[in-house]
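This report concerns only the one structure given below.
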Amino acid sequence: MRFSRVTVPTLKEKPAEAEAVSHELLLRAGMMRSFAAGIYTLLPLGDRALANIESIVREEMNRAGALEVVLPTLHPSDPWMCSGRWQAYGPEMMRLTDRAGREFCLGPTAEELMTITVAKTAPSYRELPVNLYQIQTKFRDEMRPRFGLIRGREFRMMDAYSFHADEDDLEVTYQAMREAYLTIASRCSLSTMVVEASTGLIGGKASHEFMVVSEIGEDLLVYCPGCDYGANFELERHRPGHAFGGESAPIEEVHTPDMMSIEDVASFMGTTPRGVLKCVMYVVGKELVAVFVAGYREVIEAKLAAALGTEDFHVMRDDERELFPTVVPGFTGPVGLAGVRALFDQEVKGARGLITGANKVDYHYRGAEEGRDFVAEPVADVAGPVEGDLCPVCDGELKIARGIEIGHIFKLGLKYSEPLEANFTDRDGVPKPMVMGTYGIGTSRMLQTVVEQHRDDGGIRWPAAVAPMPFEIIVIATEGGGQPEAAARIVSELEAQGFETLLDDRDASPGIKFNDADLVGLPVQVIIGKKLPASGNVELKMRYTGERRDLPLGEAAAGAARALAEAP
RNA sequence: CGGGGUGUAGCGCAGUUGGCUAGCGCGCAGCGUUCGGGACGCUGAGGUCGUCGGUUCGAAUCCGACCACCCCGACCA
């Protein structure tokens, strides 16, 4: 490939649309361009890098026993109606209508179509398990597309679906997928953490996310440096008892005029939010529930939903206060609380020396003690973690980080096979629903994640396995130096070995070429310049380490191939 | 969907109290000089000022609607 053609349109300045550094680099390095919010064109180099990632995914999926298929991207509405997700998916689904008025969507995922595909074969238990996957463009009308390829409305994803006679067999494939995903991430030079996750709209019993820790990550995750425990922020299970409350003391009423916030009350009382019991009022259906957590924690609504057994709730709005005249907003506490349902975070059990609302305007209690002044019942884990919380598995202290979700695996169970009547014939001749798993990897998201993790001030530093191509040949021509001829020789020698090359044969100044080469970030640069006439040498530059080596022209191609083998 | 911001040449931006031929930098084309970390000179091409409507003798500039993009906000590969 030649730089002197339109193949690599690099940009000197940062495009105004660039959100993350990796986004900026992909645009500036001429790898991609945007067409609309969350919708991108991949130019030749970006396309090659994505193809490399998808090849790795394909190899590891095949190795793990999965088989590739191609499903439609245009889905009829029927299967989605049957599973109930035509409604459940809501506005995130890209919908359209054909000329006859039939409804379709652009597939956001493919559980329904794949389940039906397998169900139509009416398998017997002898033919199971089966694991089918595709690498396809998916569509989701995201509320907020962000960070380039990290969160697009059109994106590339590998999605796999496994079908089993029983849960034990699903477990085997689930573990195989987990291993395959870790191998894929590691081959792409992404260091990945596996965390427990929620099943969300996909549904099912258990799931794990594969996270790359990054400041532009959109998820919060909690992990333990002491063991392999990790979980999504909303799912984690920290142990309670993290220095909440104070010494046991007699309870007393304190005048706290206009102190509605935890911060205000804490500083007025000469303590911190660690001494205060926080109350958040939720309207659950038509009922009011006072949720109590430690003053330094947040209520996690995903946990609350699990504790309440419903998702039909929201924080009480100002305009709803008159519906519940018995409560005193800002001064609600568990002592003497009447006419309102209460729910306590596990940490409240046994806490003493608490500052709480007194259920009276402008008054708080000091020294409230659970078990003496009130009873924390019912109790549930409804509070979020903070750094330093105790790990539920070992004695380590939890840490919190942002992460990019590059993959997600789910145990679905019968969630789709029952409504879609995806049955197999069991040993006893009776039809039973297949037990399913589903597994996704965001390949276009991975592409940008690789850039996010492998870059420096000069540009991208592609890991060799993902790099669009291995070599950039830079020609710095001087009068009668024979550089163009030398470059042509190296290019043809490398191509004879099966390597693609990017030849910078532009009539541009050396600085432009060096800077563009670093920006584009191919692993090995071969620089053919003033050293050639002087000493017969060309120069190799390793993009990742910056290391340089001089080689005689005749050994350049072999030396470049060797350098590539050593590159990260 | 709610709140905030921005739309002017391929890219980054100025101009916006209404006024003459709409500017600057980069990039692009031609010529010459340069040639190891984003060189220099000369010449030149390139714009329905997001769209539609209104006010006005006159609109990039004022008014209205719409569209697009970006930022902040609540389950996503």
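Just so it is clear: chains get the letters A, B, ... in the order the sequence lines come, proteins before strands, and each one is counted from 1.
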TODO: Please work out if A/E209 contacts a base, only the sugar-phosphate, or nothing of the nucleic acid, heavy-atom cut-off 4.0 Å.
DONE: nothing

TODO: State which of B/rC26, B/rC76, B/rA74 makes the closest approach to the side chain of A/K12.
DONE: B/rC26

TODO: Taking only the side-chain nitrogens and oxygens of A/S509, find out if one of them lies under 4.0 Å from OP1 or OP2 of B/rC35.
DONE: no

Task: B/rA77 and B/rG4, which share atom name C1', separated by this distance in whole Å - done: 30 Å

Open item on the list: Please report the distance separating the P of B/rC28 from the corresponding atom of B/rG54, rounded so that it comes out in whole Å.
Closed with: 43 Å

TODO: Taking only the side-chain heavy atoms of A/F514 (C-beta and beyond), determine which of B/rG36, B/rC75, B/rA77 contains the nearest atom.
DONE: B/rG36

Task: NZ/NE/NH1/NH2 to OD/OE distance under 4.0 Å, A/E92 and A/R140 - done: no

Open item on the list: Using Watson-Crick or G-U wobble geometry with both distances under 3.5 Å, which nucleotide pairs with B/rU56?
Closed with: none

TODO: Please work out if A/I512 contacts a base, only the sugar-phosphate, or nothing of the nucleic acid, heavy-atom cut-off 4.0 Å.
DONE: base

- [ ] Taking atom P in both B/rG41 and B/rC26, compute the distance separating them and give it to the nearest angstrom.
- [x] 9 Å

Open item on the list: Between B/rC70 and B/rG23, how many Å separate the two C1' atoms, rounded to a whole number?
Closed with: 25 Å

Open item on the list: Which nucleotide wins on minimum distance to the side chain of A/N515, given the candidates B/rG37, B/rA77, B/rG73?
Closed with: B/rG37

- [ ] Tell me the partner of B/rA39, counting only Watson-Crick (N1-N3 plus N6-O4 or O6-N4) or G-U wobble (N1-O2 and O6-N3) with both under 3.5 Å; none if nothing fits.
- [x] B/rU33

Task: Among B/rA77, B/rC76, B/rC13, the one nearest A/A16 by side-chain distance - done: B/rC13

Open item on the list: Given B/rA77, B/rC35, B/rG27, identify the nucleotide with an atom nearest to the side chain of A/R445.
Closed with: B/rA77

Task: Below 4.0 Å: OP1/OP2 of B/rA77 and any side-chain N or O of A/R151 - done: no

- [ ] Using a 4.0 Å heavy-atom cut-off across all strands, classify A/E142 as base, sugar-phosphate, or nothing.
- [x] base

Open item on the list: Categorize A/K14 for me: base, sugar-phosphate, or nothing, with a 4.0 angstrom heavy-atom threshold over every strand shown.
Closed with: sugar-phosphate

- [ ] Please tell me which of the listed nucleotides, B/rC76, B/rC35, B/rG12, lies nearest to the side chain of A/P15?
- [x] B/rG12

- [ ] Quote, to the nearest angstrom, the P distance that separates B/rC40 from B/rC1.
- [x] 49 Å

- [ ] Using Watson-Crick or G-U wobble geometry with both distances below 3.5 Å, tell me the partner of B/rA65, or none.
- [x] B/rU51

- [ ] Using Watson-Crick or G-U wobble geometry with both distances below 3.5 Å, tell me the partner of B/rG12, or none.
- [x] B/rC24

Open item on the list: Measuring from the side chain of A/E92 (C-beta onward, heavy atoms only), which nucleotide among B/rC76, B/rG27, B/rG37 has the closest atom?
Closed with: B/rC76

TODO: Have a look at A/N232 and say if it touches a base, only the backbone sugar-phosphate, or nothing, with a 4.0 Å heavy-atom cut-off.
DONE: nothing

TODO: Report the nucleotide, chosen from B/rG12, B/rG36, B/rC72, that has the shortest atom-to-atom distance to any side-chain atom of A/R144.
DONE: B/rC72

Task: Pairwise P distance, B/rG5 and B/rA65 [rounded to whole Å] - done: 15 Å

- [ ] Just compare B/rG37, B/rC69, B/rG36 and give me whichever is closest to any side-chain atom of A/K530.
- [x] B/rG36

Task: Spacing of the C1' atoms in B/rG15 and B/rA59 (rounded, Å) - done: 14 Å

Open item on the list: Does A/E539 contact B/rG36 through a side-chain donor or acceptor facing the base, at a distance under 3.5 Å?
Closed with: yes

Task: Pairwise P distance, B/rG32 and B/rC49 [rounded to whole Å] - done: 39 Å

TODO: Look at all strands and tell whether A/R146 reaches a base, only sugar-phosphate, or nothing, counting heavy atoms closer than 4.0 Å.
DONE: sugar-phosphate

Task: Spacing of A/I409 atom CD1 relative to B/rA77 atom C1', expressed in whole Å - done: 13 Å

Open item on the list: Using 0.5 Å steps for rounding, measure from the NZ atom of A/K411 to the OG atom of A/S162.
Closed with: 11.0 Å

Task: Phosphate-side-chain proximity, A/R28 and B/rG27, N/O vs OP1/OP2 below 4.0 Å - done: no

- [ ] Identify which nucleotide among B/rC26, B/rC35, B/rC69 has an atom closest to any side-chain atom of A/R153, counting heavy atoms from C-beta outward.
- [x] B/rC69

